[in-house]
Enquirer: 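Got a structure for you, written out below as structure tokens; questions coming shortly.
Proteins get letters first, then strands, A, B, ... in listed order; numbering begins at 1 in each. Since the structure is predicted, the reported quantities are computational estimates derived from the model, not experimental observations.
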Protein chains: 2
Amino acid sequence: MIPTRKANKRQLILDEAAKLFKQKGFGGASMRDLASEVGIEAASMYNHIKSKDEILELICFRVSGMYISQLAEIEATAASYVEKIKALISLHIRLMIEDGAAVSVANHDWKYLREPALTEFKNARKQYEKGFAALIEQGIAAGEFQPVNVSVALFTILSAVRWVELWYRPGRELSAEELEANIITMLLTGLEKK
Amino acid sequence: MIPTRKANKRQLILDEAAKLFKQKGFGGASMRDLASEVGIEAASMYNHIKSKDEILELICFRVSGMYISQLAEIEATAASYVEKIKALISLHIRLMIEDGAAVSVANHDWKYLREPALTEFKNARKQYEKGFAALIEQGIAAGEFQPVNVSVALFTILSAVRWVELWYRPGRELSAEELEANIITMLLTGLEKK
DNA sequence: GTCTATAGGCGGATAGAC
DNA sequence: GTCTATCCGCCTATAGAC
């Protein structure tokens with residue numbers, strides 16, 4: 001039987017840490033806070049994790065791993081570039097909704113990683129951005145996209161999906177599917193009516 | 001004679017604080033760090049400011065004040081809704097480039113404000129967002145914009161201009177004007193070629 | 001207005017009993 | 001594996017000399 005993510009206390013600590021870091025920031029969340037959420041004393045957590053820094057690393061690299069493996073899958077499909085970019089936007093929104101706390105930590109608190117993890121994480125992110133940018137570039141070359149600056153297009157898309165973290169609540173007026181459809185409309189066809 | 005912003009030591013402290021908070025976060029930047037940047041001892045700063053919290057408040061409310069007053073000016077013009085939205089996008093990019101550290105702190109560290117400042121800041125931001133959303137809504141009603149969900153459009157635009165803070169360096173391949181033109185293209189006409 | 005010294009609290013992490 | 005007790009360092013802020 002494959003253990004679920006919450007099977008052991010170690011994973012419970014990581015999940016609660018993600019929520020707490022998202023809420024208070026890495027620096028603002030203390031090990032005593034975290035222990036209280038988990039239901040044990042701070043000292044007891046050190047039987048499950050090595051340090052507070054290790055917790056941050058585990059969260060950040062789990063998230064970067066998800067993005068990179070999913071990008072590889074999308075790259076390998078035979079879809080058009082428009083479809084591939086739509087799939088990437090959909091991926092970001094879905095991960096944000098399903099695993100929001102961890103994604104949020106990887107987005108905001110990665111800078112508190114210590115070397116060598118910091119450099120490793122930056123490289124992973126750069127690798128992801130390069131793959132994403134290549135799809136935009138190829139889409140422009142293929143005539144599917146407007147000849148916009150590739151970096152601007154890349155970061156506009158990446159940023160535009162980030163606010164979902166701040167805004168989305170399950171049971172909001174908009175369903176996840178409607179949210180996704182609206183963001184894709186904004187990014188691919190723009191606000192202005194032509 | 002009107003004093004410039006750097007005329008007194010108090011303002012120097014605020015400017016250095018904005019840079020430091022942007023770099024390390026409010027919690028990660030200590031008063032000793034800040035004093036070292038200013039060139040005095042930590043204790044000496046308390047002759048110019050009341051507390052670390054006061055520094056954060058002064059930075060955040062200066063920024064929110066700028067946005068709100070500029071929004072009022074744009075609302076009062078006779079331009080089309082397309083032009084008004086373009087002016088707002090331009091405002092965000094310009095403030096980010098000219099006063100990036102303070103804007104960044106107001107974007108990220110406002111959550112460390114203490115009551116009653118926290119509630120006051122949230123209300124100011126909500127007021128700004130409502131004004132911005134109203135322009136989008138009126139633009140849709142006037143037939144200038146696509147009938148997209150107003151909140152989605154608003155937050156997509158607000159987020160899309162935020163990454164400029166992470167990306168823009170004076171002397172990058174793209175000038176501020178080109179950057180602005182490219183972002184406006186992305187947001188108003190979209191990535192896809194039609 | 002700046003300094004040195006320090007108060008008083010909270011941080012991460014460890015030792016050792018059970 | 002969990003606890004209590006504790007180390008030691010850094011934090012914001014203040015007191016008081018100059």
Enquirer: Answer yes if the side chains of A:Thr189 and B:Gln146 hold a donor-acceptor pair under 3.5 Å, and no otherwise.
Expert: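 Result is yes, a qualifying pair exists.
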
Enquirer: Might you confirm whether atom NZ of A:Lys50 has over 12 heavy atoms from other residues, nucleotides or ligands at distances under 6.0 Å?
Expert: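 No, because the 6.0 Å sphere around NZ of A:Lys50 holds 12 heavy atoms or fewer from other groups.
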
Enquirer: In whole Å, what is the span from the NZ atom of A:Lys24 to the C1' atom of C:dC10?
Expert: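 Nearest whole value for this atom pair: 12 Å.
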
Enquirer: Relative to A:Tyr112, does A:Lys52 satisfy both conditions: NZ or CZ under 6.0 angstrom from the six-membered ring centre, and within 45 degrees of the ring's axis?
Expert: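 Cation-pi check for A:Lys52 and A:Tyr112: fails.
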
Enquirer: Looking at B:Arg114, I want to see if its CZ is surrounded by more than 12 non-hydrogen atoms of other residues, nucleotides or ligands under 6.0 Å.
Expert: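 For B:Arg114, atom CZ is not crowded (no more than 12 foreign heavy atoms under 6.0 Å).
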
Enquirer: In whole Å, what is the span from the CD atom of A:Glu41 to the C1' atom of D:dT4?
Expert: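 Roughly 8 Å, once rounded to whole Å.
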
Enquirer: Can you check the A:Ile13 CD1 to C:dG12 P distance for me, whole Å?
Expert: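 These atoms are roughly 14 Å apart.
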
Enquirer: Rounding to an integer number of Å, can you tell me how far B:Met45 CE sits from C:dT4 P?
Expert: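 After rounding, the gap between these two atoms is 14 Å.
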
Enquirer: Quick one: A:His48 NE2 to D:dG1 P, roughly how many Å, whole number?
Expert: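 Checked: the NE2 to P distance equals 6 Å.
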
Enquirer: When the distance from CG of A:Leu20 to P of C:dG12 is rounded to whole Å, what number comes out?
Expert: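 Whole-Å distance recorded here is 10 Å.
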
Enquirer: How close or far is atom P of D:dG1 from atom CG of A:Leu12, stated in whole angstroms?
Expert: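 Between P of D:dG1 and CG of A:Leu12: 14 Å.
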
Enquirer: Do nucleotides 12-18 of chain D as a string where each nucleotide becomes B, S or -: B if the base has a protein heavy atom under 4.0 Å, S if just the sugar-phosphate does, - if no protein is that close.
Expert: BBB----

Enquirer: Any side-chain hydrogen bond (donor to acceptor under 3.5 Å, both in side chains) pairs touching residues 120-138 of chain B, not counting sequence neighbours?
Expert: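 Residue pairs with at least one partner in residues 120-138 of chain B: B:Tyr81-B:Gln138, B:His92-B:Tyr128.
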
Enquirer: Just checking, any donor-acceptor pair under 3.5 angstrom between side chains of B:Asn182 and B:Glu178?
Expert: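 B:Asn182 vs B:Glu178: no donor-acceptor pair found between side chains.
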
Enquirer: Expressed as a whole number of angstroms, how long is the span from A:Leu34:CG to C:dG12:P?
Expert: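 Rounded to whole Å, this separation is 9 Å.
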
